[in-house]
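Everything on this sheet refers to the single structure shown next.
Side-chain atoms are counted along with the backbone in the values below, which use heavy atoms only and exclude waters and symmetry mates.
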Amino acid sequence: MLEKLIATRRQLHRHAEIGLDLPLTQVLVLQELTELDLEITAGRDLSSVTAVLRGGKPGPVVLLRADMDALPITEPSGLPFASSTGAMHACGHDLHVAGLLGAVRLLHERRDELPGTVIFMFQPGEEGYAGARTMIEEGVLEAAGERPVAAYAVHVDCMKDSGTFFTRSGPMLASSSSLQVHVSGTGGHPAFPEHAIDPIPIAAEIVLAVQSFVARRVPATDPAVVSILKITSEQLAPNALPIGVTIGASVRTLSRDTFALMREKLVPLVSAIGEAHGAPTTTDYQDSYPVTINDPHEASFALDVLERLHGRDGVQVLSAPLMATEDFAYVLEQVPGALVVLGARPTDVLVESAPGMHSAGAIFDDSVLGKQAETLAELAWRRLQST
């Protein structure tokens with residue numbers, strides 16, 4: 001199947017699409033699935049695809065998921081299958097789709113022996129659109145008539161050794177939130193700052209206070225990362241104090257408790273600093289994705305399956321969570337399961353020079369698709385047999 005999976009992945013790569021509306025991607029997935037004995041449903045408010053495979057023997061339900069959307073990045077690679085849409089699969093979701101399509105075929109070929117049911121979740125909008133949450137609202141977890149007992153996903157990584165799998169029990173990926181702060185000033189002459197409210201030093205104090213809050217109020221054993229992403233001023237003239245400053249920050253945490261702490265305490269901290277200087281502030285704290293938490297039992301089960309398939313040398317237990325985010329977290333909030341990372345750095349690319357995920361230079365070794373497909377299929381197969 002590998003040659004076909006690579007061809008499918010490259011077709012998806014060439015026609016990369018962004019967000020919740022992926023018509024070309026949806027059509028390709030449907031074309032691959034309609035010839036099989038599946039119950040297929042398309043999304044209402046997003047171009048998702050849900051397919052249900054019912055085995056020939058009674059048993060529970062397991063869910064396998066792939067995200068499908070790309071990023072708004074123009075691809076400079078010059079590859080024969082480079083994207084022609086102005087978007088780019090710089091996070092490997094094209095491999096996720098092709099790998100899950102391979103798993104569908106592997107399980108479908110042995111459906112008469114399958115002791116239960118598998119839901120295949122093809123999801124748009126992972127890159128900031130919470131597509132998994134929308135699919136849950138539209139009923140993906142009830143697609144088979146009963147909820148899954150377990151859920152799994154495999155995410156490729158272009159910076160990790162090709163063909164090696166990584167996972168861990170407990171927190172796997174961070175939560176993500178955004179903090180936007182606007183500090184209002186009065187404007188004025190820079191020669192007479194005492195007659196004005198200058199938002200620049202107030203904004204600088206807010207930045208330092210937020211960093212100090214993380215260092216002194218958040219436990220070192222349950223860390224948070226706050227990154228200031230932008231500081232912009234509203235200046236009416238080159239020789240005038242600004243009338244306002246906007247600060248944008250990213251907030252990432254690894255537990256639900258610290259997630260709640262940051263949301264509860266950061267906004268009043270910022271407001272108090274502005275009030276102390278007589279500068280009105282407005283804050284907007286937006287939750288994005290929760291912490292991706294691997295269920296301990298399912299993570300242990302997944303590690304056992306991975307070692308059986310790929311040997312102990314092909315599997316690594318992560319010593320700490322990764323600070324990236326994933327909206328598969330919404331699924332894992334409701335269904336015990338595990339997210340697994342699969343290295344896909346081309347063998348001719350050195351790790352120290354490998355372009356990062358979400359970069360215009362990101363490049364993936366799609367020869368791992370065979371391993372991805374068989375791993376997803378084996379996780380579902382063995383989980384159904386173990387119940």
- Item | ILVMFWY network linking L71 to F328, side-chain heavy atoms under 4.5 angstrom | no

- Query: Which atoms form the tightest heavy-atom contact between D67 and V97, and what is the distance?
  - Reply: O-CG2, 3.5 Å

- Query: Of all heavy-atom pairs between A329 and T292, which one has the smallest distance, and what is that distance?
  - Reply: CB-OG1, 3.4 Å

- Is the backbone of I228 close enough, under 3.5 Å, to the side chain of S250 for a donor and an acceptor to pair up by distance? no

- Message: Ignoring hydrogens, what is the shortest heavy-atom contact between V226 and A249? Give both atom names and the distance.
- Response: CG1-CB, 4.3 Å

- Query: Distance from L5 atom CG to Q372 atom CD, nearest 0.5 Å?
  - Reply: 9.5 Å

- Flag side-chain contact, heavy atom, 4.5 Å: P124 against L46: yes

- Residues in side-chain contact (heavy atoms from CB on, under 4.5 Å) with A143, at least two apart? T50, V52, I119

- Does L107 reach the side chain of F120, with side-chain heavy atoms less than 4.5 Å apart? yes

- Task: Kindly check if the number of other-residue, nucleotide or ligand heavy atoms within 6.0 Å of CD (E113) is above 12?
- Result: yes

- Query: What is the ring orientation for H93 with H155, classed by angle as parallel under 30°, tilted 30 to 60°, or perpendicular over 60°?
  - Reply: perpendicular

- Any pair with a residue in residues 163-175 that passes side-chain hydrogen bond (donor to acceptor under 3.5 Å, both in side chains), sequence neighbours left out, goes on the list, sorted by first then second residue, please. T167-N294, S175-T253

- Message: Test of understanding: with side-chain contact (heavy atoms from CB on, under 4.5 Å), list the residues that count as partners of L236, not counting sequence neighbours.
- Response: I243

- What pairs meet the side-chain hydrogen bond (donor to acceptor under 3.5 Å, both in side chains) rule with one or both residues in residues 128-140, with sequence neighbours excluded? R133-Y330

- Note on the structure: CG (L306) and CG (L379) are apart, to the nearest 0.5 Å, by 6.0 Å

- Task: Please write out which residues are connected to I293 in a hydrophobic cluster, directly or through intermediates, given that two of Ile, Leu, Val, Met, Phe, Trp, Tyr count as joined at side-chain heavy-atom separations below 4.5 angstrom.
- Result: V291

- Task: Please report the C-alpha distance between H189 and H195 in whole Å, then the side-chain angles of each, then the deciding distance to 0.1 Å, and finally whether the side chain to side chain contact (heavy atoms under 4.5 Å, CB included) criterion is met.
- Result: CA-CA 8 Å; H189 200 293; H195 299 310; over 6 Å; no

- Does the S233 side chain pair with the main chain of Q235, one donor and one acceptor, at a distance under 3.5 Å? no

- Message: Contact between R14 and S84 at the side-chain level, heavy atoms closer than 4.5 Å - yes or no?
- Response: yes

- Quick one: which residue pairs count as a salt bridge (charged side-chain N to carboxylate O under 4.0 Å, His left out) with a foot in residues 68-85, not counting sequence neighbours? none

- Distance, nearest 0.5 Å, that separates CZ of R217 from CG of L269: 8.5 Å

- Query: If we only count heavy atoms from C-beta on, is the L95 to L342 side-chain gap below 4.5 Å?
  - Reply: no

- Message: Any non-hydrogen side-chain atom of P60 less than 4.5 Å from a side-chain atom of L384?
- Response: yes

- Message: Main chain of I197, side chain of T186: is a donor-acceptor contact present, judged purely on distance under 3.5 Å?
- Response: yes

- Task: Indicate the atoms forming the closest heavy-atom contact of P199 with S184, along with that distance.
- Result: CB-C, 4.5 Å

- Using the side chain to side chain contact (heavy atoms under 4.5 Å, CB included) rule, take L38 and V104 through it: C-alpha gap first, then chi angles, then the decisive distance, then the call. CA-CA 10 Å; L38 302 166; V104 173; 4.0 Å; yes

- Note on the structure: Rounded to the nearest 0.5 Å, the CG atom of L339 sits from the CG atom of L173 at a distance of 5.5 Å

- Query: Does some side-chain heavy atom of Q385 sit less than 4.5 Å from a side-chain heavy atom of K57?
  - Reply: no

- For the side chain of S353 and the backbone of L350, is there at least one donor-acceptor N/O pair under 3.5 Å apart? yes

- Query: Does V218 reach the side chain of M262, with side-chain heavy atoms less than 4.5 Å apart?
  - Reply: yes

- Task: May I ask you to decide if L309's main-chain N or O and E378's side chain share a donor-acceptor pair within less than 3.5 Å?
- Result: no

- Note on the structure: Between M68 and S48 the two heavy atoms that sit nearest each other are CE-CA, 4.4 Å

- Item | Residues forming a side-chain contact (heavy atoms from CB on, under 4.5 Å) with S300, sequence neighbours excluded | none

- Test item: Q286 side-chain N/O and S177 main-chain N/O as donor-acceptor pair under 3.5 Å: no

- Item | Test log, rule side chain to side chain contact (heavy atoms under 4.5 Å, CB included), inputs L141 and V335 | CA-CA 9 Å; L141 299 182; V335 178; 4.1 Å; yes

- Query: Which heavy atom in A151 sits nearest to a heavy atom in V331, and how many Å separate them?
  - Reply: CB-CG1, 3.8 Å

- Chi angles and distances behind the side chain to side chain contact (heavy atoms under 4.5 Å, CB included) call for T25, H15: CA-CA 8 Å; T25 305; H15 302 292; over 6 Å; no

- Query: Which pairs count as side-chain hydrogen bond (donor to acceptor under 3.5 Å, both in side chains) when at least one residue sits in residues 260-270, sequence neighbours excluded?
  - Reply: R263-D287

- Contacts satisfying side-chain hydrogen bond (donor to acceptor under 3.5 Å, both in side chains) that involve residues 318-329 (not counting sequence neighbours) are R65-E326, R65-D327, Q123-D327

- Item | N239 CG: over 12 foreign heavy atoms closer than 6.0 Å | yes

- Message: Return the OG1 to CG distance between T85 and L24, rounded to the nearest 0.5 Å.
- Response: 8.5 Å

- Query: Should F81 and L101 be counted in the same cluster of Ile, Leu, Val, Met, Phe, Trp and Tyr side chains packed under 4.5 Å apart?
  - Reply: no

- Considering only heavy atoms from C-beta outward, does the side chain of E298 approach that of R383 to under 4.5 Å? yes

- Message: Looking at D365 and R345, is there a salt bridge between them, counting it only when a charged N and a carboxylate O are closer than 4.0 Å?
- Response: no

- Using the test salt bridge (Lys or Arg N to Asp or Glu O under 4.0 Å), find all partners of E307 that sit at least two apart in sequence or belong to another chain. R312

- Shared ILVMFWY cluster between V368 and L100, side chains joined below 4.5 angstrom? yes

- Task: May I ask you to decide if the ring planes of H310 and F165 are parallel, tilted or perpendicular, using 30° and 60° as cut-offs?
- Result: parallel

- Query: Does the Y152 side chain pair with the main chain of A377, one donor and one acceptor, at a distance under 3.5 Å?
  - Reply: no

- Task: Tell me whether Y285 is reachable from F213 by hopping between hydrophobic residues (I, L, V, M, F, W, Y) whose side-chain heavy atoms are closer than 4.5 Å.
- Result: yes

- Query: Does one hydrophobic cluster hold both V149 and V61, with members joined at side-chain heavy-atom distances below 4.5 Å?
  - Reply: no

- State the CZ-SG distance between F364 and C158, to the nearest 0.5 angstrom. 4.0 Å

- Is the backbone N or O of G163 less than 3.5 Å from a side-chain atom of K371, with the two atoms forming a donor-acceptor pair by type? yes

- Task: Could I get the full list of salt bridge (Lys or Arg N to Asp or Glu O under 4.0 Å) partners for D366, not counting sequence neighbours?
- Result: R9, R10

- Item | Residues E35 and H108: side-chain donor-acceptor under 3.5 angstrom | no

- Message: Other members of the hydrophobic cluster containing L254, with the 4.5 Å side-chain heavy-atom rule, please.
- Response: V225, M323

